[in-house]
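Inspection log for the structure reproduced underneath, given as structure tokens.
Since this is a predicted model, take the numbers as computed values, not measurements. Residue numbers start at 1 and run along the sequence shown.
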Amino acid sequence: MKEGIETVRAAVIGAGAMGRHHVRLLARLLGPGSVLVVDADPARAEGAALEHGASVAAGIDEILNAVDVAVVAVPTVDHLEVSERLIEAGIHVLVEKPIAADLDQADALIAAAASRGVVLAVGHVEFYNPAVQEVLSLGLEPRFVEVERMSPFSPRSLDVDVVLDLMIHDLQILHALDPSPVREVRAVGIDVLSDRVDIADARIELESGCVANLTASRVSAERVRQLRVFFEDRYFSLDYQEQTVRGARRVRGEEAADGGDPVSAGGPAGRILAADLEVEGGEPLRHELEAFLDRCASGETPFVNGAAGRRALETALLVNSTIAGGAGA
């Protein structure tokens with residue numbers, strides 16, 4: 001973060017499971033007395049504030065002239081209404097994913113932020129996972145992507161289906177890896193323990209020719225977070241939870257003759273070497289908030305802006321419409 005960022009005042013709107021983590025980290029980043037908490041349940045706001053050295057505000061009106069930045073962690077259906085009020089007051093906003101309930105609302109948020117000249121960030125926290133950043137930093141073009149994101153059932157986030165709750169993380173990362181447009185989507189999904197789709201599988205082909213298979217489930221017996229990316233001459237297996245990247249690459253010619261740490265001696269096609277990436281671990285949500293604060297201070301740290309959040313939402317909604325239609329799109 002830039003020098004002086006600790007003088008920023010922040011608010012967290014929504015003190016649920018995710019909002020409490022934002023309160024915790026912002027209080028550490030900005031210091032005691034710098035964070036205000038707003039929640040429809042005063043007791044919940046008080047609990048989060050007391051636990052992390054923050055203060056409670058009675059409502060949004062009370063913070064409009066009191067803070068510089070805000071995190072919106074309310075239910076998705078309220079993202080537009082809450083975020084627009086903050087943006088109109090000139091407050092930089094980080095809104096939790098998905099950016100909004102639909103594309104029209106996402107467009108309204110993006111337009112409002114552009115009009116007021118404030119930062120609009122979207123809380124796609126996995127983008128800030130150090131392992132993801134290591135893979136993205138290579139700038140390679142993927143040919144095939146495979147993702148498994150599974151969680152045990154929880155009553156949290158049941159206002160949205162599993163595509164908008166879990167799979168959307170990996171859709172945003174897919175588009176960060178390969179920004180080419182979507183050519184085709186095939187998807188299936190079913191409800192199991194809620195009234196919305198709880199498990200979904202999608203096959204997405206991009207205009208570049210890259211194909212991605214994504215599975216998301218919130219009715220799994222265990223928690224799994226795996227991303228596998230295949231490039232022209234190498235692949236990486238990324239564990240989001242462990243923040244590790246294992247890989248292998250094929251080398252030919254003089255490089256193959258130089259040896260190395262072989263996975264396989266190879267043959268006419270070349271030599272296969274280990275290609276693990278070194279990852280410096282860290283808390284993704286803290287990195288997300290640091291990036292947001294840096295951008296608010298006119299920094300250049302990569303972050304998920306409104307356009308990127310909208311694109312992830314657009315693809316997620318396409319997956320959902322394909323599931324509803326029972327055929328490829």
Side-chain angles (χ1 to χ4, degrees), residues 14-21 40-41 44 73-79 95-103 105-106 122-127 129 132 144-175 182 184-205 211-229 237-242 284-285 309-329:
M18 198 67 187
R20 296 177 80 93
H21 287 297
D41 182 345
R44 187 162 58 184
V74 299
T76 303
V77 293
D78 298 320
H79 281 186
V95 59
E96 269 300 336
K97 60 80 192 167
I99 181 174
D102 57 45
L103 295 180
Q105 292 186 15
V122 186
H124 283 273
V125 67
E126 289 286 32
F127 176 81
N129 189 304
V132 172
F144 183 76
V145 177
E146 187 174 37
V147 185
E148 290 180 296
R149 181 175 294 272
M150 303 180 182
S151 295
F153 184 77
S154 167
R156 187 181 69 84
S157 298
L158 294 184
D159 59 315
V160 294
D161 57 71
V162 73
V163 175
L164 291 172
D165 181 21
L166 297 181
M167 186 182 288
I168 196 169
H169 283 296
D170 304 299
L171 294 173
Q172 187 273 321
I173 291 169
L174 171 64
H175 290 312
V182 173
E184 181 184 57
V185 173
R186 295 185 179 276
V188 294
I190 58 171
D191 60 287
V192 181
L193 298 179
S194 76
D195 294 330
R196 302 177 185 271
V197 171
D198 292 317
I199 181 169
D201 187 83
R203 179 189 183 278
I204 299 173
E205 183 177 350
V211 173
N213 286 339
L214 303 97
T215 299
S217 171
R218 56 187 183 190
V219 288
S220 174
E222 58 184 346
R223 183 181 176 90
V224 178
R225 299 285 191 273
Q226 295 284 340
L227 169 70
R228 289 174 285 276
V229 190
S237 178
L238 184 154
D239 188 311
Y240 287 99
Q241 298 177 100
E242 298 296 328
L285 187 61
R310 183 197 188 279
R311 185 166 191 201
L313 174 62
E314 181 178 27
T315 306
L317 293 176
L318 183 55
V319 170
N320 273 341
S321 67
T322 306
I323 291 172

*If every non-hydrogen atom of G123 is compared with every non-hydrogen atom of K97, which pair is closest and at what distance?*
O-CG, 3.3 Å
*Check T322 against A187 and note the closest heavy-atom contact, atom names and distance.*
CG2-N, 3.6 Å
_Please enumerate all residues that pass salt bridge (Lys or Arg N to Asp or Glu O under 4.0 Å) together with R228, with sequence neighbours excluded._
E146, E148
_Nearest heavy-atom neighbours spanning V163 and A316_ = CG1-O, 3.6 Å
*Drop me the distance from I199's CD1 to M150's CE, to the nearest 0.5 angstrom.*
6.0 Å
*Rounded distance (nearest 0.5 Å) linking atom CD1 of I204 with atom CG of D170*: 10.0 Å
*List the steps, then state whether salt bridge (Lys or Arg N to Asp or Glu O under 4.0 Å) holds for D165 with R218.*
CA-CA 9 Å; D165 181 21; R218 56 187 183 190; 3.6 Å; yes
*What distance do L103 atom CG and R311 atom CZ have between them, rounded to the nearest 0.5 Å?*
12.5 Å
*Salt bridge between R225 and E242, side-chain N to carboxylate O under 4.0 Å?*
no
*For S321 and L318, indicate whether the former's side chain and the latter's backbone hold a donor-acceptor pair under 3.5 Å.*
yes
_Check: L193 main-chain N/O paired with D198 side-chain donor or acceptor under 3.5 Å_ = yes
_Atom of A100, atom of L313 and distance for their closest heavy-atom approach_ = O-CD2, 3.5 Å
*Partners of F153 by ring pair (Phe, Tyr, Trp, His ring centres under 6.0 Å), sequence neighbours excluded?*
none
*asked:* Give me the atom names and distance for the closest heavy-atom approach of D195 to D191.
replied: C-CB, 4.4 Å
_Candidate pair S217 and V162, rule side chain to side chain contact (heavy atoms under 4.5 Å, CB included), full reasoning_ = CA-CA 7 Å; S217 171; V162 73; 5.5 Å; no
*Might you point out which heavy atoms bring L227 and I173 nearest each other, and give the distance in Å?*
CD2-CG2, 4.4 Å
*Decide whether a cation-pi geometry holds between R149 and Y240; the criteria are a distance under 6.0 Å from NZ or CZ to the six-membered ring centre and an angle within 45° of the ring axis.*
yes
*asked:* Tell me if a side-chain donor or acceptor on N129 pairs with a main-chain N or O of V125 at a distance below 3.5 Å.
replied: no
*E205 with R186: basic N within carboxylate O range, under 4.0 Å*: no
*Hey, what do you get for CG (L166) to CD (E126), rounding to the nearest 0.5 Å?*
10.0 Å
*Applying side chain to side chain contact (heavy atoms under 4.5 Å, CB included), run through Q226 and Q241 and close with a yes or a no.*
CA-CA 8 Å; Q226 295 284 340; Q241 298 177 100; over 6 Å; no
*Under 3.5 Å, is there a donor-acceptor pair linking the side chains of N320 and D161?*
yes
*F144 vs N213 side-chain heavy atoms within contact, under 4.5 Å*: yes
*Can any side-chain N or O of H79 pair as donor or acceptor with the backbone N or O of I99 at less than 3.5 Å?*
yes
_Pair L164-R196, side chain to side chain contact (heavy atoms under 4.5 Å, CB included): steps then yes or no_ = CA-CA 11 Å; L164 291 172; R196 302 177 185 271; over 6 Å; no
